[in-house]
Amino acid sequence: TEPSTQARSVVFPDGFIWGAATASYQIEGAAREDGRGPSIWDTFSRTPGRVTDGHTGDVACDHYHRYREDVGLMAGLGLGVYRFSTAWPRIVPDGSGPVNPRGLDFYDKLVDELLGAGITPYVTLYHWDLPQNLEDRGGWANRDTAYRFGDYARAVHARLGDRVRTWTTLNEPWVAAFLGYCSGVHAPGRKSEADAFKATHHLLLAHGLAAQELTGELALTLNLAPVVTPAQALDPTVVLSDVDQEAVNRIDALLNRQFIDPALRGAYPPEVLEIAERHGGLGHIKDGDLEIINQPIDLLGINYYNPCIVEAAPGTPANVAYPGSEGIGFASLDVPSTAMGWPIIPSGLSSLLVRLSQDYPEVGLIVTENGAAFDDVVVGDRVPDTDRVAYLDGHLRAAHAAIEAGADLRGYLVWSLLDNFEWAEGYHLRFGIVRVDYGTQRRVLKDSALWYRGVIQRNGID
Ligand code: GBH
């Protein structure tokens, strides 16, 4: 059975959290204002050849100047929660040393605007914009960066902690470590397996150190995905061969358990330690680190876009983003995909949520990102993005099915409120439920935004 595509009406539990998400570098612009220092994404995007067509976040959605209008849009949609990130280089321009009060002023005003509109702010402290000065000293491969993150967390909490209750330390440390330091597709664009494992550990350590500085409801957001073979993606009951099962387990360890297990259980998966040992060794893991990393947290944030599809493929070299994946093929499926080329498989969200609640019952779950890029068409003053509505509808039904199957899912945040700077793809790929015309900075509610407003109003789907 495919629970996610049945067109029956569904109602979510009372108190289910509805919202939308963004990230600082992707929307703010104002890259040189009010004392903001440069981040690795400024450097990376201004380096020719790194981002499609040389796009940068210099202006982005100009949210830094238009946050009042943007909060107005959120209020009109009925959002209960807005998840945004604070830019470390605005707040500590050199990454270490003096705090820049003007950087904090922006988030102070944003939080007040949100609270005034009845919207709960969810703050993420790190969504990939590392201060360039810290990268110049080794970036996340340098242990000191984790301690500087703890200092930064303390500064943000000191200013906003009287009004912000829900804090996420990191967004997707897998992406920061393995796309930033291993495949080099993201900033800082380095290519070293050893540095990626060091970066992973120091990001996790940063999570633990920051968690010790924060009060309220604590979360860690990970890009988690069910790892399945092509046959299993379509039929979860298929029985795997031993070699396929081993391939699935190894990628699941690298992508999912490498992050969940240290944070929630205080231990790395043995498969990961064995691979890291062969890629630079384990000398960066010091006594006591895993106790720091294993701080109690309240919520596991899940960013879900699609399953990770793999199979045993003897002789295949390792995928550049997955050191240790020799002999494993990354497969595609003959199903419809988004403009990113990502396959649309809503049932993957159900199986992921059910598995997480079974394996990690101690933590509540929230979908902190889910959404899709499509080639939107503007028709007069409308954007009839029926493909995005179908994507969101399918994934919300899948989320609901997971709740019925026992998953402790507390809420769902759409990625993204606005079209924005889509990292290495620049502005070409649009994930927003609100269109941004970058020439005029005009915002237009897409049909998906109007549809989502109705979902929030009814706490469900008709
Ligand atoms: C999220 O990342 C980000 O948090 C957000 O900023 C971004 O705009 C949004 O998604 C849309 O991209 O195995 O190398 O093919 C999503 C990151 C992308 C992680 C695809 C895993 C497969 C990487 N995910 N992915 S690879």
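All ligand and atom numbering here is 1-based and tracks the order in the structure. Excluded from the calculations below are hydrogen atoms, water molecules and symmetry mates; all remaining heavy atoms, backbone and side chain alike, are included.
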Q: Begin with the C-alpha distance, continue with both residues' side-chain angles, and end with the deciding distance and a verdict on side-chain hydrogen bond (donor to acceptor under 3.5 Å, both in side chains) for Y360 and D261.
A: CA-CA 9 Å; Y360 306 94; D261 286 7; 2.5 Å; yes
Q) Just by distance, do the side chain of H157 and the backbone of L214 share a donor-acceptor pair under 3.5 Å? A) no
Q. Taking the side chain from T166 and the backbone from E217, do they hold a donor-acceptor pair closer than 3.5 Å?
A. no
With heavy atoms of [X] as the reference, note each atom of ligand 1 found under 4.0 Å away.
X    : value
V175 : 17 (C), 19 (C)
F431 : 11 (C), 12 (O)
N171 : 4 (O)
Q26  : 5 (C), 6 (O), 8 (O)

Q) For Y82 and T22, does a side-chain donor sit closer than 3.5 Å to a side-chain acceptor? A) yes
Can you find a protein heavy atom closer to [atom] than 4.0 Å?
atom                    : result
atom 10 (O) of ligand 1 : yes
atom 22 (C) of ligand 1 : no
atom 15 (O) of ligand 1 : no

Q.
Is there a polar contact, in the sense of an N or O pair closer than 3.5 Å, between E422 and ligand 1?
A. yes
Q. Looking only at distance, does W423 have an N or O less than 3.5 Å from an N or O of ligand 1?
A. yes
Ligand 1 contacted by [X] (non-hydrogen, < 4.0 Å):
X    : answer
H127 : yes
F178 : no
F330 : no

Are any of the side-chain nitrogens in [X] or [Y] under 4.0 Å away from the carboxylate oxygens of its partner?
X    : Y    : answer
E274 : R250 : no
D42  : R32  : no
R90  : D129 : no

Q.
Quick test of your reading: applying side-chain hydrogen bond (donor to acceptor under 3.5 Å, both in side chains), list the pairs with at least one residue in residues 333-344, sequence neighbours left out, ordered by first then second residue.
A. none
Q: Would you mind checking which non-hydrogen protein atom is closest to atom 5 (C) of ligand 1, with the distance to 0.1 Å?
A: E369 OE1, 3.5 Å
Q) When you measure from atom 2 (O) of ligand 1 to every protein heavy atom, which one gives the shortest distance, and what is it? A) E172 OE1, 2.9 Å
Q: May I ask you to decide if the ring planes of W18 and F12 are parallel, tilted or perpendicular, using 30° and 60° as cut-offs?
A: perpendicular
Please tabulate, one pair per line, all N/O donor-acceptor pairs under 3.5 Å involving side-chain atoms of residues 311-331, not counting sequence neighbours.
| unit_1 | atom_1 | unit_2 | atom_2 | d |
| --- | --- | --- | --- | --- |
| T316 | OG1 | A313 | O | 2.6 |
| N319 | OD1 | A321 | N | 2.8 |
| S325 | OG | N319 | N | 2.9 |
| S325 | OG | Y322 | O | 2.7 |

Q: Name the option, out of W342, Y322, W174, Y304, that contains the heavy atom nearest to atom 24 (N) of ligand 1.
A: W342
